[in-house]
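Report on the structure given below.
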Amino acid sequence: MTYMSASIQFLDCNLSLIHIPLHLYPHFVQPILSLLLPLSGSTARQASESFTSYDESPSTRLTGLEVTGDAHDFVNISVTPVECSVVCSKDSVDLLFRPIISRLCSSTKGDVVIGEDDFVVLQVDGEGLDAGKRVLDLTSPLAFAGISIFFITTYFSDYILVPAKNRAHVTRALENQGFAFEKHSDSFVATHHRSTSASSISSVPSTPLPTTIEDLEAKTFAILKRQNVVPTVSTNTKLVSCAGRRRVSRAGTSMRSDDGELYLGLVKCLVSQPEFLSVTLTNHEPASLLLQKDLLPMFGSTDSLLGTKGDVLIPIVLDLRGLPVESTGIVCGVAGRLVGGTGGGALFGDASDSVEMSYLSTARAGTVMVVEEDIERAIGALSLGC
């Protein structure tokens, strides 16, 4: 089996990761909206204050405001049944979130956690394999190297957050697993056959590392079992993956989405504290959303969004609050179990019938999304050994 055709590049940003418990979410609506809405001609704080109490004609709130698409190097805002998780620049953390944390009472201040590590992010554009194999191919080299990651599937691309201190190790791990590094750039191109072992990879930690996908699976599910992490699913939570539309300007296609209807819908969703919503914003692509299907009416005409008529996805949530943030191999172990455990054969044999999956890493949880008809097979695979 060959690697998919993929382009992988580091984005030019330095990121922080924030865990916000759900009971404290209302305190952070204003900074979250400020992060979402970079507005010209108005400060982010003033804009967010105007949105936190929108009236019966909320569409007027965006009238005359220019939402700039070049202010998001990388932002992910996710609300799940476990937590609210935010990925954004260190400057945004200092400007928007630390002042709110400082005003919390002493008994709850420590519940909001800003990660100690700085992160960099890899953007992955590629085609040629189903989603489950894509997650597995992208995460296994880093898992073999003992590098902790956060993985985010979006409508257009996949994103992998890695500790900035491990950037050189990430480069080496990808090269050792068949990714060709393009000189004079931070881009990789996957060109070689995949190796199913890590014999050629030098690890970051000194402790022994798994050397095969099967070893990673066994390690992952042993850890989950020790921590009493049981996959939970609510078949009543139906998600859709969608995105803003590309804007066409005189210069051609602009890779940003500045539709007021889209941003207004996001504001309405976030103010309502949804059960499940994830939005990813970058300079290079329109906004990508993963949200409850019953939230779509908040966006007005669904013509403003791509993908609203796609497959319904069911989330399977892994509550990882009991695990160290630096745990490695979790994403790869879960993906390996789904690809190998539902494909009717060995992992690298005939897995053509394996479930289609995507993955969302947040600060303290992992969520697997599968199409509705595959939910029973996915739960069966993930429950083995748990």
Side-chain angles (χ1 to χ4, degrees), residues 6-19 32 35-36 38 69-78 85-94 96-97 114-126 131 134-135 137-143 145 147-175 177 179 181-182 185-190 204 241 243 255-257 278-290 325-328 330-332 335 358-367:
S7 173
I8 305 178
Q9 63 179 331
F10 283 103
L11 300 187
D12 185 18
C13 52
N14 197 23
L15 305 171
S16 289
L17 180 64
I18 311 172
H19 161 72
I32 286 172
L35 186 63
L36 174 70
D70 57 356
H72 298 116
D73 291 330
F74 183 87
V75 169
N76 177 265
I77 302 164
S78 295
S85 174
V86 177
V87 181
C88 63
S89 70
K90 291 173 62 64
D91 289 343
S92 295
V93 171
D94 293 339
L96 300 174
F97 292 90
I114 299 173
E116 295 181 0
D117 283 333
D118 296 342
F119 289 88
V120 292
V121 62
L122 287 160
Q123 179 178 341
V124 183
D125 299 311
R134 186 172 69 247
V135 175
D137 274 359
L138 293 170
T139 61
S140 57
L142 306 181
I147 299 168
S148 61
I149 70 166
F150 293 86
F151 192 98
I152 300 173
T153 303
T154 74
Y155 190 87
F156 295 108
S157 302
D158 296 315
Y159 295 93
I160 306 174
L161 275 70
V162 297
K165 63 186 179 185
N166 290 337
R167 180 166 176 157
H169 294 292
V170 170
T171 299
R172 189 179 310 120
L174 291 173
E175 289 178 328
Q177 286 294 92
F179 288 86
F181 183 71
E182 293 185 342
S185 77
D186 280 337
S187 298
F188 297 87
V189 178
V204 176
S241 176
M255 302 299 287
R256 67 185 177 97
S257 177
S278 181
V279 55
T280 301
L281 306 169
T282 75
N283 288 342
H284 312 286
E285 295 177 340
S288 286
L289 289 74
L290 178 69
V325 175
E326 64 274 12
S327 297
T328 63
I330 301 297
V331 180
C332 183
S358 54
Y359 198 94
L360 173 66
S361 294
T362 54
R364 295 292 186 271
T367 302

Can you name the closest pair of heavy atoms from [X] and [Y] and give their distance?
{"X": "Ser89", "Y": "Leu15", "value": "N-CD2, 3.9 Å"}
{"X": "Ile18", "Y": "Cys88", "value": "CD1-SG, 4.5 Å"}
{"X": "Ala173", "Y": "Ala145", "value": "CB-CB, 3.8 Å"}
{"X": "Ser85", "Y": "Ala363", "value": "OG-N, 3.0 Å"}
{"X": "Ser148", "Y": "Thr328", "value": "N-CG2, 3.5 Å"}

Minimum side-chain heavy-atom gap [X]-[Y] below 4.5 Å:
{"X": "Phe119", "Y": "Ser16", "result": "no"}
{"X": "Ile330", "Y": "Tyr359", "result": "yes"}
{"X": "Phe156", "Y": "Pro286", "result": "yes"}
{"X": "Phe150", "Y": "Val331", "result": "no"}
{"X": "His169", "Y": "Leu142", "result": "no"}
{"X": "Thr362", "Y": "Thr367", "result": "no"}

Heavy atoms from other residues, nucleotides or ligands near CG of Asp118 exceed 12 (cutoff 6.0 Å):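 For Asp118, atom CG is crowded (more than 12 foreign heavy atoms under 6.0 Å).
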Would Phe74 and Val120 satisfy side-chain contact (heavy atoms from CB on, under 4.5 Å), going step by step from the backbone distance to the final call? CA-CA 10 Å; Phe74 183 87; Val120 292; over 6 Å; no
Set of residues satisfying side-chain hydrogen bond (donor to acceptor under 3.5 Å, both in side chains) with respect to Ser78, sequence neighbours excluded: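 Testing Ser78 for side-chain hydrogen bond (donor to acceptor under 3.5 Å, both in side chains), a comparison that skips the adjacent residues, returns Asn76, Ser278.
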Testing Leu11, Asp12, Asp73 one by one against Asn283 for a side chain to side chain contact (heavy atoms under 4.5 Å, CB included), which residue passes?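 Considering Leu11, Asp12, Asp73, a side chain to side chain contact (heavy atoms under 4.5 Å, CB included) with Asn283 is found only for Asp73.
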Could you tell me the separation between the [atom1] atom of [X] and the [atom2] atom of [Y], rounded to the nearest 0.5 Å?
{"X": "Leu17", "Y": "Arg364", "atom1": "CG", "atom2": "CZ", "answer": "7.0 Å"}
{"X": "Phe151", "Y": "Ser361", "atom1": "CZ", "atom2": "OG", "answer": "8.0 Å"}
{"X": "Thr280", "Y": "Tyr159", "atom1": "OG1", "atom2": "OH", "answer": "7.5 Å"}
{"X": "Ile160", "Y": "Ile147", "atom1": "CD1", "atom2": "CD1", "answer": "10.5 Å"}
{"X": "Phe10", "Y": "Leu122", "atom1": "CZ", "atom2": "CG", "answer": "4.0 Å"}
{"X": "Gln123", "Y": "Asp158", "atom1": "CD", "atom2": "CG", "answer": "9.5 Å"}

Could you verify whether a donor N or O on one side chain and an acceptor N or O on the other, from Glu285 and Ser157, lie under 3.5 Å apart?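 Glu285 vs Ser157: donor-acceptor pair found between side chains.
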Step by step, would you call Thr154 with Thr282 a side-chain contact (heavy atoms from CB on, under 4.5 Å)? CA-CA 11 Å; Thr154 74; Thr282 75; over 6 Å; no
